[in-house]
Q: 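Sharing a structure, written as structure tokens. Questions coming.
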Amino acid sequence: MTSQPANQARSLMPSPAIKGEVQDFLVLCRRMKPLLGTLYLLGILVPEGLGYDGSLAQTRRGVLEETVRPWRSLDTYSYTKYHPMEEIYQWMVQITEKYSGVVTQHFLGMTYEIRPMYYLKISQPSANHKKIIWMDCGIHAREWIAPAFCQWFVKEILQNYKDNPRIGRLLRNLDFYVLPVLNIDGYVYTWTTDRLWRKSRSSHNNGTCFGTDLNRNFNVAWCSIGASKDCHDLTFCGTGPVSEPETKAVSSFVESKKESIVCFLTMHSYGQLILTPYGYTKNKSSNHEELIQVGQKAANALKKKHGTNYRVGSSADILYTTSGSSRDWARDIGIPFSYTFELRDNGTYGFILPASQIQATCEETMEAVLSVLDDVYEKYWDSNSAVKMTSTAMVLGLLVFFMSVF
Amino acid sequence: MPPRRQPPPASGPWGPRPAVLLLAPLLLLLALQGVAAAPVGAEGPEDSPGLQDAEFPSGLLQQAARAALHFFNFRAGSPSALRVLAAVLEGRATVNPKKGCQVDLVFTTDHYNPEVGEEHLGKCSARVFFRNQKPKPAINVTCTRLIEKNKRQEEDYLLYKHMKQLKTPLDVTSIPDSHGHIDPSLRPIWDLAFLGSSYVMWEKTTQSLHYYMAQISSVNQWKTNDDTIDFDYTVLLHEFSTQEIIPCRIHLVWYPGKPLKVKYHCQELQTPEEASGTEEGSAVAPTELNNF
């Protein structure tokens, strides 16, 4: 029952002649999505390969029967272990409950294999108009340290916003939108089948190849460079810009909030890099100098924690050319501070970073992210930055004065 | 007296110079900010003299350093003294469009095994010659001696004895497991596998392709009948620019202090248009290097 409508919607989409019907159908599908999401959480939908252990599905069904206590407590949730998707879903619900004054869970869309995508909104109720910080993790399935960091980040903010003035001040004027796992289907696949899977799990070529590189699928210079039109390749850009439901979900939402989003952070591994736009060209964004400065400051803060070296630069300069990346797309729709973080390590363990390194990695990355957020905050709200801007304005003002007088 | 020419807009009777004088400090300030913001040590190929316009991937110096280090590790033949790249200190590249590209560089290295307490950074200087997009760059590399030869031999021998004691057949699937965990008793296997993979990764590296060892996906054979360790395994290499995972079957024979013997066979990517093929590279450790 449940998988049919979505599949039909996909197969109907290429024929625009039936526009009216398709529109109605898509509206129906859209309306059904939150319902599907809820049904999923209640365990009624159990797509194949849901969890890495079939017994978890049993446990969940078992719990429904005795609804009194949860099968896992937030108090015992380990942030220094890697968690399967089942547990991350549960964690999101529980952390929203525990910090219900500031956290809400929101539905973003459905994945190809019909799993719900949720983001957490951390927002202190206030009369102030807030700007938004967006963070997503796990767009590439095998980069497990990234979702681990998203969870760590949320935990740190929530555990410390009351007592830590640095974090407290950020929450006064900023809302955090965190998507702990973007490529859910791929992430599940790395638990059930192939630890080194990268792409999504969409089917192509009559089921002869699977997966789109979601970070080549955004609508920016799509598939022009550094991406492949071959569905077998790991940098396959998809059948068109934003062809994948996961990309569609993120870009629709981010686009709708773009006036408020000041910072777009997308977390990856590995390589120990802080990357600025662009990947699709060696040209630099209008605020490139500033982005490098802020990025370098973040790298310095990161290094202070455990001595880890990060390099900072544009993707085309220090990594390789790419088109269709979420970071480039975010910058080009006007979000000023747009970064890709490539977390530990440098290739020693690569994607399969030992869980024993989660804590150190998350601690140092936290310093880097907070450094960026401080700079963003000071740019938009701090009185100190007003002084800097005033002196520059003064010099320029004098210049204009002299030039106009004579 | 000839009539004064109509001055151009936004310029005084003294001409545009005063505006420049006023602008100069501002420009200087901006320039200084730009310099301060430049990342330390992130030299791109654009910075190096003698380079022609970029057919070059960014990070050519890093590329050369990695290749040099793979080669160094292989030649050292010592699983207890493996090094990883810390940072490139300096480098320059010169291009011969017909032949290829020569990179001279200095870089620092770190212990491969992060558990080891020593904070010692090693230093290497290398000359790397990439033949135009062909693999197996020619390498000349020397590194500061970090561990005394005797100590290294002793460590290797301890490793060797430990490995001899492992029961055969080895009851392992992948190393590390999905969570990155390597059982301490199996750590020497990982180190030895990395040593063998270093040879393969060196041979496969080009100007634009570079590799890391992602995982040992299976141990096919582990023999210690005679004195040597005879190790047949399948490793998954991660190629960075294509992001592909390439399985390689490697057979190595090792004895402490003796040159490593490696044979390998990697399963290459197949594109639908080309006939399926696998790249085969078999080699026994050369005693002499090609000089360029």
Side-chain angles (χ1 to χ4, degrees), chain A residues 52 81-82 140 142 144 190-191 194-198 205 208 213 226 228 230 232-235 270-271 282 289-290 292-297 299 307 309 311-313 315-321 345-357 392 395-396 398-399 402-406, chain B residues 7 10-14 16 18-19 22-23 25-26 29-30 33-34 36-42 44 46 54 57-59 62 66 84-87 110 112-114 119 174 176-182 194 208 210-215 236 238 240-245 269-273:
Chain A
Y52 70 105
K81 286 221 285 258
Y82 295 116
H140 290 139
R142 57 195 179 193
W144 282 17
T190 60
W191 279 81
D194 180 356
R195 174 63 177 84
L196 293 169
W197 188 258
R198 165 184 169 90
N205 253 32
T208 59
D213 185 340
S228 171
D230 185 341
H232 297 95
D233 289 345
L234 291 225
T235 54
Y270 57 94
K282 287 224 172 196
E289 299 279 316
E290 186 181 23
I292 293 289
Q293 208 167 30
V294 170
Q296 193 56 56
K297 200 158 149 235
N309 281 309
R311 290 181 296 135
V312 181
S315 192
D317 281 346
I318 68 170
L319 190 60
Y320 41 53
T321 54
D345 58 16
N346 253 334
T348 309
Y349 293 101
F351 301 119
I352 313 187
L353 189 72
S356 56
Q357 288 193 41
T392 317
V395 174
L396 288 171
L398 280 172
L399 199 65
F402 278 120
M403 284 165 70
S404 62
V405 160
F406 297 103
Chain B
S11 153
W14 303 293
L22 281 171
L23 270 173
L26 191 62
L29 185 69
L30 288 172
Q33 280 187 340
V40 173
E46 292 80 34
S58 29
Q62 298 268 329
R66 282 185 286 255
V84 286
L85 179 64
D110 215 336
Y112 181 69
N113 191 337
E119 286 292 331
S174 51
D177 66 17
S178 286
H179 298 246
H181 179 69
I182 301 178
F194 183 78
S208 30
H210 70 275
Y211 298 85
Y212 297 96
M213 186 172 96
Q215 196 178 38
L236 299 174
H238 171 226
F240 216 84
S241 57
T242 58
Q243 288 296 321
E244 292 291 344
I245 301 293
L269 253 200
Q270 300 158 20
T271 56
E273 294 82 30

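Computed from heavy atoms alone, side chains included, the values below leave out hydrogens, waters and symmetry copies. The sequence lines fix the lettering, A, B, ..., with proteins before strands; numbering per chain opens at 1.
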Q: Do Glu244(B) and His232(A) come close enough that some side-chain heavy atom pair is under 4.5 Å?
A: no
Q: Please examine the side chains of Ile245(B) and Arg142(A), heavy atoms only from C-beta on, and report whether any two atoms are closer than 4.5 Å.
A: yes
Q: Tell me the closest heavy-atom pair linking Ile352(A) and Ser178(B), and the distance in Å.
A: CG2-O, 3.6 Å
Q: Which region of Tyr82(A), side chain (C-beta onward) or backbone (N, CA, C, O), has a non-hydrogen atom less than 4.5 Å from a non-hydrogen atom of chain B, or is it both or neither?
A: both
Q: Hey, what do you get for CD1 (Ile318(A)) to CD (Gln62(B)), rounding to the nearest 0.5 Å?
A: 9.0 Å
Q: Phe240(B) versus chain A, heavy atoms under 4.5 Å apart: side chain, backbone, both or neither?
A: both
Q: Looking at OH of Tyr212(B) and CG of Asp345(A), how far apart are the two atoms once the value is rounded to the nearest 0.5 Å?
A: 9.0 Å
Q: Is the shortest heavy-atom distance from the side chain of Met213(B) to the side chain of Tyr349(A) under 4.5 Å?
A: no
Q: Distance check, rounded to the nearest 0.5 Å: His140(A) atom NE2 versus Gln243(B) atom CD?
A: 7.0 Å
Q: So do the side chains of Phe351(A) and Gln215(B) get within less than 4.5 Å of each other, counting heavy atoms only?
A: no
Q: Measuring from Thr242(B):OG1 to Leu234(A):CG, what's the distance to the nearest 0.5 Å?
A: 7.0 Å
Q: May I ask you to name which of Gly350(A), Ala355(A), Pro354(A) has the most heavy-atom pairs under 4.5 Å with chain B?
A: Pro354(A)
Q: For Trp197(A), what residues pass the side-chain hydrogen bond (donor to acceptor under 3.5 Å, both in side chains) criterion, not counting sequence neighbours?
A: none
Q: With sequence neighbours excluded, what pairs up with Glu290(A) under the side-chain hydrogen bond (donor to acceptor under 3.5 Å, both in side chains) test?
A: Lys379(A)
Q: Less than 4.5 Å apart, side chain to side chain, heavy atoms only: is that true for Leu236(B) and Leu196(A)?
A: yes
